[in-house]
Amino acid sequence: MTREDTVIAEDLSFGYPGQARLFERLSLRFAPGTVVAVLGPNGRGKSSLLRLFAGLEQPLAGRISVAGVDPAGPEARDLARVAGMVAQSSDRHFLRTKVQDEVALTARNLYLPDPAALAAQALERLGITGLAAQHPLDLDAGEKRLVALASAIAHGPRLLLLDEIQRGLDRINRQKVIRLIRAEAAQGTTILAVTHDRDFAEAIAGAELVFGDDGIRLT
Amino acid sequence: MALNVSDLSFSWPGKPPLFRGLSFALAPGERLSILAGNGMGKTTLARGLAGFLTTEGGLYWQGEALNSMSRADHARLVQIVGQRPHLQLSGRGYSLREEVAFGPENLGLPVAEIRARTAEALHFLNLTHLAERDCRRLSGGETQRAALAGALAMRPRLLILDEPMTDLDAESRDALAGHLRSLPWEMAVIFLDIGWQSWMAGLVDRHLLLDQGEMHGPLTTEALFATPLPERIFLAGQPA
Amino acid sequence: MYRPGPDTLWRRASPLTRLAVLAVVAAMLPLWPAPVLLGALCLALAGAAGLGFGRALGLRLLVLMSPVGLALGLVHGFLIERGPPGICGPFACYPEGLRYALLVFSRLALLLSVSLIFVMTTRPSDLARALDGAGVRPSVSYLLTAPLSLVESVGQEARQIRDSLQMRGLSARSTLRERFRMLAGMVNPLVRGLITEAPIRAEALEMRGFRASPKRGLIDPVEETAREIWLRRGLLALALLQLGLLLLWR
Amino acid sequence: MTSGLFSTRNLVLAAIGIALNIALGQTASFLKLPIFLDSIGTVLAAVLAGPVIGGLTGLLTNLLWGLIQGPTVAFFAPVALVIGVVAGLLARAGFFREIWQAALSGVIITIALAFVAVPIRIYLFGGVTGSGADFLTAYLLRLGQDLFPSVLTTVLGWNIADKVLTAVLVWGIVRGLPGRASSDWPFLAHSRA
């Protein structure tokens, strides 16, 4: 596994059309296995940064590389191979009607060998194998979040993007998410997690990217 | 007693009871929290307590059975504010003012009363400056305050908050908590959540715990931190 | 489509009165010959100018009506036998057909212009409030306003679903098949989510007393003078009279 | 909760159906797809709550869309009403259980809507609409067909693909609804295999 940084951002600047720039000439590098908690008040661009790395927004300037792939590149499949995301709305928009199909979807779109096995492994790692045959919309809020997380890791991404993933989880599900994040990091996955829950940030992150009043600091 | 719940239970057809033997009483102005993990039936419990479900056992408001009231009386008595802000707007009003007025209008109140209640609710939640704003342009936090404003415009005597903060960012959460602290005191309020949260401090000091259908408590906040809890119940501030 | 403009009689009138005018115009169509209809069209255009969007209405009418006019002339003037054939330039044509095409064109242009005036001066919320004021059942005004705010959230949910599809390796490239796959891939989760949430939305409405009491109040009540109610009744009578004449003459 | 035909839940369903018709109709034209996709909400409401709610959804879609986008579509409101009512009747007869039945329903809906669309196009629009469909009508007339058959063929040809796709899409959506949907929407029992 090369020691080359998973995520490289150089002179990145971004702002929504017609609005003030959220950040200017931001440069960041994250090595494999790093877990970064992204903190700071609302509206400073925390989620936008994740969306830039996910190729869902175009930078105004600067360059991004995720495991060698430019997220703004034409092929969505290339980025999907190396990245996985759990957005705030992921546990409301399931694309399939069975949990096992939902979790295997990305692997199937990437034509990876045996997507069903990859899905079963992901469910096993989150301790929700029992939900495999259920309809995602019949699950409770905690189960839905865990299925969304399983769907984001089944295809073995190098970068995992999480947006307020701890929101609304009870103690057991919170523990499951924390253990999964630590296990992924141990396997070399880089994880960026936007959260406003300090306890959760301390439990998972080795580093903090703080969107403060005086700009963005990595501590 | 305002609200009297005795041995309340509910189960979906063909499913084990979601909760049973739930008993407590609530006087006007009293606050109570019911803490339960994911999948323990919080939202169903909220609808049950509001009288929306055919539950078994006693559910009385000042002696009158809650789930056999007329819809108009029901709407004047109890309001629920849920987790997802956008699902609670009627979509009937374009401006925030029309949205909040929707409830009082439905009660067929005189114009002056509708206007007074609407202005009061908007003012109470610091939304007056957004009164003419198109509802669809509000932020998540503003929408949640709008939902609470709509509920308060009905002048309920029982307010049930079902995970009101879960979808909010930290700033909106603090803003809403501030408003909850100055709720009209004669209203009984029930908070439903996945665990004790820091914004509850000073707001509610009587907690019931629901786990696997069984009810435990009531416990004070202090007792909550002292006694071992069902494993799903979450306490903010404790090491994760 | 709504266009603000100077305060005129038309804008002060209740949307229901404007609808009555529309009904009178609609009743004119089968009855009056082309010149009368075209005259009324000019009146409508003048009215639109007074309401502050004469040019916009004229432009819109041109865009909508020129292809229709062309097709009508072609189809009825040349392709359908109607009465004795004549010569129009190098081609054989049917003057009778051209006259019919003109009649259909003027009917459509008049109805479209007055409908456009109605649409450009009436917001759905105005119509809903007028209906509420007239004591129509709240379900009707609900179905006139709620869908438009739902269209917004449908659009937002669709964008979020498209993002998650893209994140999972499915993207809408140019090929038609690809766009179909993306669309089908989006419609299913989008609609399933909305349908599952419908009962929650319904309960939120009922909690706010929706249809709980017979009489519904309004924060901005609709003041209607008796004169306007009689004007509306007169207009509707005029529309019915024209339909009556139609039956008499045919 | 109110129950019965005009329960609040059915009204919300109609509102959702109208919103879907308008949103998807705008997306289809935005994505330049050769179909309208503006009656998925109508057929969905019909399959979940029956012909009356389905018809109401269709009718109000065109009236409301006419109010915000331009009145031409409002003149075809009766067509959308027929789509909803016929889809509801077909659903009640179990014609949305299997995929081939849904496709057949799409065809039947297209035929049914022609009974209303053709007279509107002939008497109000003189057989044309100023859109691409006119070329087909003109071509058929050129072949010596009369106006009525030409317009009928145009209407059928122009709608068949959209309505069959719509019916099949709705069948897929309904089949993918979670278990509790049958208790939320009793009428759905007609379409559950």
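A, B, ... follow the sequence lines: proteins, then strands. Residue 1 opens every chain.
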Examine whether an atom of [X] lies under 4.5 Å from a heavy atom of chain C, and if so say whether it belongs to the side chain, the backbone or both; otherwise answer neither.
X      : value
B/R92  : both
B/F102 : both
B/T118 : side chain
B/R117 : neither
B/V81  : neither

- Query: Between C/P15 and C/D126, what is the shortest heavy-atom contact and its length?
  - Reply: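 Minimum heavy-atom separation between C/P15 and C/D126: CG-O, 3.8 Å.
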- Task: State, to 0.1 Å, how close B/A75 and C/M207 come at their nearest heavy-atom pair, and which atoms those are.
- Result: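 Closest pair (atom of B/A75, atom of C/M207, distance): CB-O, 3.5 Å.
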Between [X] and chain B, which part of the residue has a heavy atom less than 4.5 Å away: side chain, backbone, both or neither?
X      : value
C/L218 : both
C/A146 : both
C/R211 : both

- Message: Quiz question: by atom type and distance under 3.5 Å, do the side chains of C/R216 and B/N106 form a donor-acceptor pair?
- Response: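 Looking only at side-chain atoms, B/N106 and C/R216 do form a donor-acceptor pair, the distance falling under 3.5 Å.
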- Just one of C/V21, C/L22, C/V25 clears the side-chain contact (heavy atoms from CB on, under 4.5 Å) bar with C/L235, so which one?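 For C/L235, the side-chain contact (heavy atoms from CB on, under 4.5 Å) check succeeds only for C/V21.
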